[in-house]
Every structure is written in C-alpha cells, then in structure tokens.
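Okay, so here's the structure we're looking at.
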Amino acid sequence: MRQQSQHLADELKTSLSEGNGPLYEQLKQAIASRVRDGSWVALQRVPSEAELVKALDVSRMTANRALRELTSEGILQRQQGVGTFVAEKKLPSALSEIHDIAEEIDSRGNQHRAEVLCLERAKASQQEALGLGVRTMHPVYRSVLLHFENQLPIQLESRVINAELAPEYLEQDFTCITPSAYLSRIAPLTEGEHLVEAVLATPQQASWLQMDSTEPCLQIQRRTWSRGELVASAQLLSPGSRFQLFGHFGRNA
C-alpha cells in the first residue's frame, strides 16, 4: 500500500511543475482534479505528508495545508493513526433545490424574460481556473444574464463554463432557454455545491438590478459537476427584498 501511495505522489510532479500560484494551492488542485475525474477513487489511500514532501520536494507545511484544506472541503477524509483517503462522494441535499429560474417564475404564474449582458469566449483567469479546477488560460465561456419576473429584475447571473464540456454554448439563444436548462440537457447534473451569503451589490450590479446600492443582496455561488467533471461556476445575485430561499425537510418516524 505504501508503494502504491508513493506512486500516486510521483504522479503529481507534472502538475506542480506546470502550475501557477502558491504551491499548496497547486497541490490541492492537482489532488482534487484526480479525485473528480475518477483517477483516484473513493476510499483509496492518498500520499501522506511525508510522502508528498519526499516525492515533490515541498515543505511539510505545504503538504499539511493542502491535505487539511481538502479534508475540510470534503474531498478527502483523514483517520487518525491510519492515513488519509479519498472521501466517498455524497450527492448534496441542496441538489433538490437547484431549479431553473424560468420554471420557478412560471410556477408562480408570472412571466420570465432574460437580457444577455455578456456572452463571450475567453481564457480563464487565475480565479476562474481555481473555480473550475482547470489551468490558467484554459478556454472558457463567460455569460452574464439579467432575469426578470414580469417587468422586475430579480436575478443577475454570472457564469463561467469549461468550454471543452459545452462547445456549443455561445451558439445558444439565452433569451429563449436559460443557461441552467441548456447545461442540464447536455451535461446532466450529478453533483453540486452552494455557498450562500449576504452581500452588497457594486454600483453596476445595482444599476442592472434597478435597486438602491445600500440594499443587501442574497448571493449564491454555485459549482456543478457532470459525471465527475466540473462544468460551470456561477454567481447568482438577487436583491434581498425580491428573493427568498425555501426548503422543506422531513424526518422519518
């Protein structure tokens, strides 16, 4: 088992030699990428701190931080005195709350429409690359849409897509189909994550949303996977007075 773990550590050398940014972040992304593409499978033992230090010529602090953060993010799991392993994938309960905004508005008996503010091909910035688990300068698509419920802007959607996984994204008419509906069709959702927080809109965002810049907004940052591949990273921004999150939970007797 130790020999196999050392072999896995050796696999990471190329990723570190070609990557950018802090070493611990490069190491995190290299390991996370192998977990998400299925190269490293659930409950497989991963290299220890000592093995990473020896194979990659990094400091113990670098190896420790990468493994610690991956564990806190649920990608790895550590067993005291035994080792670190790839965590078992669990489908988040929040997936049941990922709905297409056009369908939500229609279900309320109201009318949805969308304005396309940006739709372009680009090369991933460092932040976008980290969000999508790809290298900097990787081809991506960016879209920014403003969603309306009747005549009131309700959500500003900013999305970055791995261009290799949705090659015809730019050819879609997003006034007729939402990005969420299109991506669900070509890359069915199998895994997702949400981060929800209260924020203030920038002056430009407040202008688009026709709101006072002092009003708090609800921001959802979402990443979605299809069959182990990270497809898209999205930021959904709504005025606090126009948007609610609702969930229903039950408990078996």
Side-chain angles (χ1 to χ4, degrees), residues 36 95 97-107 110-197 199-211 213 217-239 242-243:
R36 287 170 178 151
L95 277 176
E97 299 174 14
I98 296 181
H99 303 297
D100 179 61
I101 189 169
E103 294 180 354
E104 287 187 354
I105 292 172
D106 182 67
S107 71
N110 294 326
Q111 185 175 23
H112 168 266
R113 70 177 179 89
E115 292 182 4
V116 179
L117 304 178
C118 173
L119 184 59
E120 64 181 9
R121 182 182 178 91
K123 294 182 178 179
S125 65
Q126 185 174 22
Q127 182 176 359
E128 290 170 336
L130 290 175
L132 283 177
V134 297
R135 297 186 186 281
T136 304
M137 306 299 284
H138 184 87
V140 297
Y141 297 135
R142 297 179 187 140
S143 62
V144 181
L145 272 71
L146 185 60
H147 296 281
F148 290 77
E149 183 163 359
N150 295 333
Q151 298 304 312
L152 190 65
I154 190 174
Q155 186 179 90
L156 182 65
E157 171 195 314
S158 302
R159 196 179 292 264
V160 181
I161 298 92
N162 185 335
E164 293 181 352
L165 303 180
E168 298 179 357
Y169 189 79
L170 295 187
E171 300 171 23
Q172 308 310 307
D173 182 355
F174 289 124
T175 63
C176 297
I177 183 174
T178 64
S180 177
Y182 173 69
L183 291 173
S184 295
R185 189 174 69 198
I186 66 160
L189 177 68
T190 55
E191 186 177 353
E193 65 181 19
H194 284 160
L195 173 63
V196 182
E197 57 187 337
V199 300
L200 290 176
T202 66
Q204 178 63 79
Q205 291 170 335
S207 176
W208 280 329
L209 288 165
Q210 300 175 24
M211 59 176 287
S213 59
C217 290
L218 181 69
Q219 177 177 276
I220 302 174
Q221 296 186 63
R222 175 183 295 164
R223 297 198 300 171
T224 51
W225 286 260
S226 180
R227 303 182 185 94
E229 296 188 284
L230 216 170
V231 178
S233 174
Q235 180 190 80
L236 311 174
L237 188 71
S238 298
R242 303 176 202 166
F243 194 86

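Quick caveat: nothing in here was measured; it's all calculated off a predicted structure.
- Between Y169 and Y141, the two ring planes are parallel [angle under 30°; tilted spans 30° to 60°].
- Checking side-chain atoms of S184 against main-chain N and O of S180 turns up a donor-acceptor pair under 3.5 Å.
- No salt bridge links E128 with K123; every basic N to acidic carboxylate O contact stays at or beyond 4.0 Å.
- Looking only at distances, no side-chain donor or acceptor of E171 sits under 3.5 Å from a matching main-chain atom of E168.
- Side-chain atoms of Q219 and L236, non-hydrogen and from C-beta on, never get closer than 4.5 Å to each other.
- Looking at H112 and D106, their side chains never bring a donor and an acceptor atom within 3.5 Å of each other.
- In terms of heavy-atom proximity, L119 sits nearest to Q172 at CD2-O, 4.3 Å.
- In this structure, D173 contributes its side chain and T175 its backbone to a donor-acceptor pair below 3.5 Å.
- Side-chain N or O atoms of N150 include one that pairs as donor or acceptor with a backbone N or O of Q111 at under 3.5 Å.
- Here the OG1 atom belonging to T190 is positioned 7.5 Å from the CZ atom belonging to R227, to the nearest 0.5 angstrom.
- Listed here is the closest heavy atom pair of L209 and P153: O-CG, 3.3 Å.
- Closest approach of A102 and T178 over heavy atoms only: CB-CG2, 3.9 Å.
- Atom-to-atom distance recorded for Q151:CD and R113:CZ is 5.0 Å, nearest 0.5 angstrom.
- Looking at R223, its side chain does come within 3.5 Å of a backbone N or O of G131 through a donor-acceptor pair.
- Considering every non-hydrogen atom in both L230 and R36, the closest pair reads CD1-NH1, 4.2 Å.
- Expressed to the nearest 0.5 Å, how far CD of E191 lies from CD of E193 amounts to 8.0 Å.
- Considering only heavy atoms from C-beta on, I154 stays 4.5 Å or farther from L146 through its side chain.
- Surrounding CD of E115 are more than 12 heavy atoms belonging to other residues, nucleotides or ligands, all under 6.0 Å away.
- If you check the side chains of H147 and E157, you find a donor sitting under 3.5 Å from an acceptor.
- Looking only at side-chain heavy atoms (C-beta outward), R121 and V140 stay at 4.5 Å or farther from each other.
- Applying side chain to side chain contact (heavy atoms under 4.5 Å, CB included) to R159 and the options S233, C118, S143 leaves one that passes, S143.
- Separation of atoms CG (L165) and CD1 (I186) is listed at 8.0 Å; rounding is to 0.5 Å.
- For the atom pair CZ of F148 and CG of N110, the computed distance is 14.5 Å after rounding to the nearest 0.5 Å.
- Counting non-hydrogen atoms of other residues, nucleotides and ligands closer than 6.0 Å to CD of Q204 gives a total above 12.
- Looking only at atom types and distance, the side chain of Q235 has no donor-acceptor partner in the side chain of Q221 under 3.5 Å away.
- Between V231 and N162 there is no side-chain heavy-atom pair separated by less than 4.5 Å.
- The closest side-chain heavy-atom distance from V160 to L132 is below 4.5 Å.
- Note: L152 CG to Q210 CD = 7.0 Å, rounded to the nearest 0.5 Å.
- Side-chain contact between V196 and L218 is present, with heavy atoms from C-beta onward closer than 4.5 Å.
- Looking only at side-chain heavy atoms (C-beta outward), Q205 and C217 stay at 4.5 Å or farther from each other.
- Closest of all the heavy-atom pairs between A206 and A201 is N-CB, 3.9 Å.
- The two residues L183 and A166 make their nearest non-hydrogen contact at CD2-CB, 4.0 Å.
- At a threshold of 4.5 Å between non-hydrogen side-chain atoms, the residues T224 and R222 count as touching.
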